[in-house]
Structure formats: structure tokens, C-alpha cells
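Heavy-atom basis, side chains included; hydrogens, waters and symmetry copies ignored. This is a predicted model, so every value here is computed, not measured. First the proteins, then the strands, lettered A, B, ... as listed; each starts at 1.
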Number of protein chains: 4
Amino acid sequence: MRVKDEEKQQALFEATIKLVNEIGFVSSSVAKIAKEANVSPATLYIYHENKVDLLVNTYLQIKKSLSLAILEDFAPEVGVKKGLKLVWRNMFQYISKHNDYFQFTEQFSNCPYASLINKEEVDSYFLPVLILIEKGIKDKIIKDIDFDMIICFLVAPVLHLANPKICCNFVVNEESINIGFELAWDAISCN
Amino acid sequence: MRVKDEEKQQALFEATIKLVNEIGFVSSSVAKIAKEANVSPATLYIYHENKVDLLVNTYLQIKKSLSLAILEDFAPEVGVKKGLKLVWRNMFQYISKHNDYFQFTEQFSNCPYASLINKEEVDSYFLPVLILIEKGIKDKIIKDIDFDMIICFLVAPVLHLANPKICCNFVVNEESINIGFELAWDAISCN
Amino acid sequence: MRVKDEEKQQALFEATIKLVNEIGFVSSSVAKIAKEANVSPATLYIYHENKVDLLVNTYLQIKKSLSLAILEDFAPEVGVKKGLKLVWRNMFQYISKHNDYFQFTEQFSNCPYASLINKEEVDSYFLPVLILIEKGIKDKIIKDIDFDMIICFLVAPVLHLANPKICCNFVVNEESINIGFELAWDAISCN
Amino acid sequence: MRVKDEEKQQALFEATIKLVNEIGFVSSSVAKIAKEANVSPATLYIYHENKVDLLVNTYLQIKKSLSLAILEDFAPEVGVKKGLKLVWRNMFQYISKHNDYFQFTEQFSNCPYASLINKEEVDSYFLPVLILIEKGIKDKIIKDIDFDMIICFLVAPVLHLANPKICCNFVVNEESINIGFELAWDAISCN
DNA sequence: GATGAATGAGTGTTCATTCAT
DNA sequence: CATGAATGAACACTCATTCAT
């Protein structure tokens, strides 16, 4: 993989996301993606080993940018609840702004290529949040239960609400974001 | 004249679910599905108009059977919390038992074919639960907020926890089911 | 071939002609023809050995009916010119009335199945006309040249003019039929 | 980057003509044509949008080459009869030489794809001949009747006589060509 | 580095025909 | 006699990938 033209690289990512969202994995052929990116199919293979590699790399790049967005202005010092609330709001805002990225990852997460992802590495992007939760548990602010369970009530509702395919009526605004967080907080916090 | 063979129909459904789970939508060709079902590719087209029709019908059948399982022993008279708890437990048990069905629907829900589903019809399968929640709101047992939000905290965590691709460590047992429900209940109930 | 229901037989012929004209040989499958004739594909095979047999039989039936139409009111006694003129007019009238039959035979004559036809048998349907022409040659009313050449100037123009695919503007009426015959007669007669 | 191979293009045309003549439109599959042309089926689609496009383009190329052959040495100055006689002879010679091309167009003209051809454009190839005929009519050398009728007696007999499927006994030589033309001329000329 | 041509293997689908009733 | 179910083979076409330039 000889990297040269950053623009082509980016055009390929965007073409991939756009096409997969519009016509799905099944119909998104290399030829179509290359055309959408104004690039020859052969060129695509300079930047990615093969088709699966392209998809995986696209996924990883999105996850990376998501983690950056989520941790924007994040400061553990403000306390557990305030910290998590910021993360919660950042997630909603990122997803609202980049709904196409989000749709892509949702599709990708549920397809067999997902198993090619190094989950631990992706998780590490979000480490500061995990540390804050652990602190919350230790300080008896958050219920002392299985970690997956906590994450579940913090993440799953966001993905559910923000997914227009599932919640087509849900409106994302400051108020609904706050209400949502209060429910999540009621679920995981000690009383 | 021969008569349509119910066994073939069923074999097709099972082959579809198995293959889609194992190799994904992209690689699940009609030829492979037919072979897995011990049926000629041409025969598949007697039972389904085309490949998409096969996938959609498979999805609908699963959703139907899920709704039946969820509502087993359901009796609104037992009260809001107990009623919802039963539903919650039924969901976990169904998903544990039929993890392959569940995986299929998760993939399907996030692929473009999902838009071909009449969502209202599918929702209607679960109507009794919706009515119980509405009663809970009216009786001030459940928070008076957007309906989607309530559903979200009741459904999304189940799908999240039960999905081995996401929560590979989570163990489904009587205790973890109960804990999960208590969190969900804390989220949606009036204190 | 066990013949029983004359109606089904006829329905099959008409369905074949209609479909071949509308969508061509290539797309006219046995299944479609059977459906058009309100008959099961399997039933078709009671009346015809296979698909080619169906097409050939359809062609032969049309040729037979054409020969009957052409020879209607034919009487060699009226003389060579009057006799041929009647035949000429009968041809135009038959083709105008049964343009779908005609289109079918034109397509069929130019496809490889045509070689399966016993040309001599078909020609024999039109024997009286051939005899009249021979008489015309003997009586020095018609030019004494190759027989094929005579037939050619009597038949080819009709097929050409009556074919809406070639002569889309040509109008078939009493006057144009007469003019056409005069040209043909000028061509073949001893001035 | 490789460059489009003119040889492949030509091989495809010839394979198409050969196969369609030998086994007909119905049996001439893309796979067979590609094999005959020593080319991958996929390659065929680089040169032609689809199968119909291949057939249409083949037809058009033949018509173009026919028009060039017909107008070879054509000079309106030699007069109407001599001019048309040259065209008549050129047609016979071209058809004799390229009987396979001719057979293909005969089949094509009578199949439903024919409607995809821009007839006016094809006609324009032969414009000089049409102009000569018009001059003949104006000069009262040719009968003043419907144009289609004139064309019919000039063209249909050639196609008829030259078609070995119809006139299997007819021998094309200088004498028979002349005799044929005299008949045609007797038909259309003002005696 | 970048490309369009080229391809064998595969796609979803339909085919002519036969089978079991 | 009549049928719809059933099928292996074939269909037109597209695929991910490589090649020659």
C-alpha cells in the first residue's frame, strides 16, 4: 500500500460510506465505489489490499473519528454524572451530524466482517470513559454490577434512538437528549 | 399434480438463516441457500418471488414467532411491573434459545431491505405490551415521556446484551436477567 | 399425442402466435405460452412433442389456412391474368385480415427452424397456381424464364408491401392492390 | 492501461453473425458468441452494453458496409436505367459474396429487435439511389406511383432470389442478374 | 502512481421438460 | 386428460481482481 494522494484516499472512504448506505453491502461493488470516488478500480487496490480491507479500514476510520468527537471537552474532574452526560450529548451530536457514518457502522457491526475487527483496540479509543465509570462504581455513585450491563444502558439507548430506521419519529434536541440521559442515569446510578 | 411440500419451505427458511448468519448477506447466494436446503435453485423460486422476497419472508416469520414467544403466559392483570418483567424474561429466553433467528433479524434490520418491511404490521404483533405500557403511564407508574423512549430502554438493552457479537462476555441466567430488568425498570418507572 | 380438447389446441396456437409476435421467439417460453393459453405447461406436452414441434405445427397450420384463403374462388378457366389477379388480391386480403399470422410466418421463415419444414409439401398447397403459371408460359402470355423468377415477382412484392415492419406507410386498398398487380404483371408478362 | 483491441471487436461481430446464422437468435447465447470469438463473456460487455446492443450494432455495421458496396462505381450521370442496373448488380454481388451477412440481416429484420433500429438513418445510407429514382419519375421514365411500390419491385425480388432458404435452386450469374433486372425494369418503367 | 482493458468464476433468475397425483 | 410442483442446465450479466501500459 503505497500512500500518495490523500484526496483519493478520502474520496474512497466517502464513496464507500455513501454507496453502502444507499444500496447496501450486497450491491456495493468495487467498480461502483471506484466510479463514485472518480478513481479507477485498479487505483483502489493501491490504497487497499482488497475489498474487505477497504470496508474494514472505512469502519475503523469512522470509529476513530467517533471516539475523538465523543471525548471532545471531556474532563473527568467535573464528576461522574456531568462527565457521562457530556459524553452522552457528544454521541447524539456526532450521530446527528454524521448520520451516514453511523448508518455504515451499524450495518457493518452486524455483518460477518465485524469479526475481523480488533474489538479491544476500538474499545481503547474510549478508555477515558471506561475509567470514569469505574471510578463511579468505586465511589458508589454507579451500581456495582457487571460492566457490560452499565455500558449497555449507556450505549444501546443512544444507538437505538439515533437510528432513524428504528426510531423514525424520535426528534433529537437538547430536551430529548437530557431526558434520555436522565433515564440512563436512573438505570445505572445508585438510587 | 404434486402438492407443495411444507418441508421444503421450512428447509429453505432454516438454510437462509444459517447461511446468512455464517457468511452474511453478501455471500449468501441463492445457489448456496438452495444447496443447503437440499433443493434446486429453481425450486426456491416456486416458494419465493426472488431472493429479496425470501429474505423478507424469513424475517417476517421470525418476527411472528418471536411475538408469540414474548407473549407466552402474558396477562396484563398481574400489573405493569410484573407484566413487563415476564416479557423481558421471555425475550431473553427466546433469544437464548434461538440465537440464530435473532442474529438474522439483527443483520436484516440494519440492511437496506429493512425498508421493505411494513413496520406497523410487525409492531402490531406486540400490541398487548404497548397497551400495558400505556396503562402504566396513565397510572403514573411509568414516566410520562415520549413512547419511543420507554420502548428504547425496554428493548435496546435486551438486544444489546443478548447479542454475542457485542457482549461476548455477558452470561444469560436468571440473575442477570433480573438485574437487567431492574435497571430498565429504574430507567422508566416513576422513581 | 392424444388429441382430446380442440379448444385447448386452438388456444395454444393463438397464444403461440400472439406471444411470438409480441415478444419474439427468444422470450416466448413454454411457460408463458401455456399461461397465455390458460393451460398447464405439462398439458402443452400432451398436444406437442416439444417446443419446436409446437412452433412448427403452428407454422404449418397458418400456411394451410393461407393456401385455402388464396385459392378461394380460384378458377383457372377465367384466364391467366384474371386468375393470378384473384390470387394476388386474396393474398393481400388474407394478410391484412390476419396480420398476426403473417408476422409469425415471416419470423419463422427466417429462423433456423424453417429448415425443419417440408418445403415441397407446403408448396403443394399452392399447386393450382403453379399450374396456371405454367400454362401462361406455354401460351406465351408469361415470359419463358426460370420458374423461381416468376414466383419471385409474384410473391416477394406482396410480402414486402404487406409487411408493416418494412413498408410502414403503404396503405392496402383496392386501388393499391390493383396497381401492385399491374407492376407484377408488367414484370412477368410478354409485354 | 491497456488499449481497446480492434481485433476483439471484429471477432465479436463475426462470431455473432456466424452463430446467429447457424443456430438462430434463440440459441445464440452470449457465452457461445464469446467462446466463438475467443473472448471472455465479460469482455463482450466492454464493447457492447448488452446482448441486444451487440445484435443491433452488428446489424448496423452490415447495413453500412452493404450501402458502401451498393454505391460502388455509382454515377447518376449514366442515366436512370443504367444507374439502377449497376445498383442491382452490386446488390447481387455483395449478397453472393457475403451471404452470411445477408442471412443475418434477413433474420434480424424479422425479429422484434428490428424496431430498435433508426430506419431513417439506415435509409439515408442509400440516398443517392432514391434521388435517382425520383429523377426517373420526374423525367417520366419511371411510373408515377407510390414510392414504396417502386422500391418494393427493386428490392424485394433481390432479397427473395438471393435468399438460399427460399430460392434454393436459383443460380446467381451475369445472365440471371440481367434477366432479373429486366423484369424489375418492366415492372417500374413507363414501358 | 495510475489506469481502463481483460477475465474466470460467480450472480440471480428462467428455461424446457418430467414427475407424481 | 390434466395439472402444478420440481429440477439441472442454461441464461444474461456482474463480480473482485490482475494485467499491460
Side-chain angles (χ1 to χ4, degrees), chain A residues 1-5 8 26-35 38-55, chain B residues 1-6 8-9 26-35 38-55, chain C residues 1-5 8 26-35 38-55, chain D residues 1-6 8-9 26-35 38-55:
Chain A
M1 187 172 122
R2 291 159 287 181
V3 175
K4 192 68 179 279
D5 189 339
K8 285 202 173 64
V26 182
S27 310
S28 294
S29 68
V30 169
K32 286 179 193 160
I33 291 172
K35 193 172 192 181
N38 275 319
V39 146
S40 162
T43 305
L44 190 150
Y45 283 83
I46 297 172
Y47 293 86
H48 302 277
E49 262 183 42
N50 51 39
K51 191 189 176 182
V52 172
D53 190 54
L54 165 70
L55 294 170
Chain B
M1 185 190 82
R2 264 185 233 167
V3 101
K4 265 191 195 174
D5 189 340
E6 183 60 37
K8 286 201 172 65
Q9 177 79 289
V26 183
S27 310
S28 294
S29 69
V30 169
K32 288 178 194 160
I33 293 172
K35 194 170 191 180
N38 275 319
V39 146
S40 160
T43 304
L44 190 152
Y45 285 85
I46 296 171
Y47 293 88
H48 303 277
E49 265 185 38
N50 49 41
K51 189 189 177 182
V52 172
D53 192 55
L54 165 70
L55 295 170
Chain C
M1 187 173 121
R2 291 160 288 179
V3 176
K4 192 66 181 282
D5 189 339
K8 286 203 172 64
V26 182
S27 309
S28 294
S29 68
V30 169
K32 286 179 193 160
I33 292 171
K35 193 172 192 180
N38 276 318
V39 146
S40 163
T43 304
L44 190 151
Y45 283 84
I46 297 172
Y47 292 88
H48 302 276
E49 261 183 42
N50 52 38
K51 192 190 175 181
V52 171
D53 189 55
L54 165 69
L55 295 170
Chain D
M1 186 191 83
R2 264 187 232 168
V3 100
K4 264 190 195 175
D5 189 341
E6 182 60 37
K8 286 201 172 64
Q9 177 80 287
V26 183
S27 309
S28 294
S29 70
V30 169
K32 288 178 193 160
I33 292 172
K35 193 170 192 181
N38 274 319
V39 146
S40 160
T43 303
L44 189 151
Y45 286 86
I46 295 171
Y47 293 87
H48 303 277
E49 265 185 38
N50 50 40
K51 189 189 176 182
V52 171
D53 191 54
L54 165 69
L55 295 170

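Closest to the A42(B) side chain, of the nucleotides dT7(F), dA12(F), dT7(E), is dT7(F). Closest contact between the side chain of K32(D) and the listed nucleotides dA6(E), dT7(F), dC11(F) involves dC11(F). Considering only side-chain atoms of T43(A), the nucleotide from dA2(E), dT17(F), dT3(F) that sits closest is dA2(E). Proximity note for Y45(D) (side chain, C-beta onward) versus dT13(E), dT14(F), dT17(E): the nearest is dT14(F).
Taking CG of N38(A) as the reference point, atom NZ of K8(A) lies at 10.0 Å (rounded to 0.5 Å). To the nearest 0.5 Å, the span separating OG on S28(B) from CG on L55(B) amounts to 8.0 Å. The distance from the CD1 atom of I46(D) to the CG atom of D5(D) is 10.5 Å, given to the nearest 0.5 Å. Rounding to the nearest 0.5 Å places NE2 of H48(B) at 4.5 Å from CG of L54(B). In this structure, the separation between OH on Y45(B) and CG on D53(B) is 10.0 Å, given to the nearest 0.5 Å.
Both A31(B) and K8(A) lie near DNA chain E, and the one whose nearest nucleotide falls closer to the 5' end is K8(A). Between N38(C) and N50(D), the one whose closest nucleotide on DNA chain F sits nearer the 5' end is N38(C). The residue among I46(D) and V52(C) whose nearest nucleotide of DNA chain E lies closer to the 5′ end is I46(D).
Heavy atoms of K35(A) sit nowhere under 4.0 angstrom from any nucleic acid atom. When heavy atoms are screened at a 4.0 angstrom cut-off, V30(D) is found touching the sugar-phosphate backbone but no base atom. Across all strands, S29(C) comes closer than 4.0 Å only to sugar-phosphate atoms, never to a base (heavy-atom distances).
Spacing between atom NE2 of H48(A) and atom P of dA16(F) amounts to 14 Å, rounded to whole angstrom units. If you measure from atom CD of E6(D) to atom C1' of dA5(E), you get 14 Å, rounded to the nearest angstrom. Nucleotide dG4(E) holds its C1' atom 11 Å from the OH atom of Y47(D), rounded to whole Å. One interatomic measurement links the two molecules: CG of D5(D) to P of dA20(F), which rounds to 14 Å at whole-angstrom precision. Here the P atom of nucleotide dT11(E) and the CG atom of L54(B) are 15 Å apart, to the nearest Å. As rounded to whole Å, 12 Å separates atom C1' of dA16(F) from atom CG of L55(A). Following rounding to the nearest Å, I33(C) (CD1) and dT17(E) (C1') show an atom-to-atom distance of 14 Å. Regarding E49(D), its CD atom lies at a distance of 10 Å from the P atom of dT14(F), rounded to whole Å.
Side-chain N or O atoms of K32(A) include one that pairs as donor or acceptor with a backbone N or O of S27(A) at under 3.5 Å.
An OP1 or OP2 oxygen of dA6(F) is reached within less than 4.0 angstrom by no side-chain nitrogen or oxygen of S40(B).
dT21(E) is paired with dA2(F) under the Watson-Crick or G-U wobble criterion, all donor-acceptor distances under 3.5 Å. With a cut-off of 3.5 Å on both Watson-Crick or G-U wobble distances, the partner of dC11(F) is given as dG12(E).
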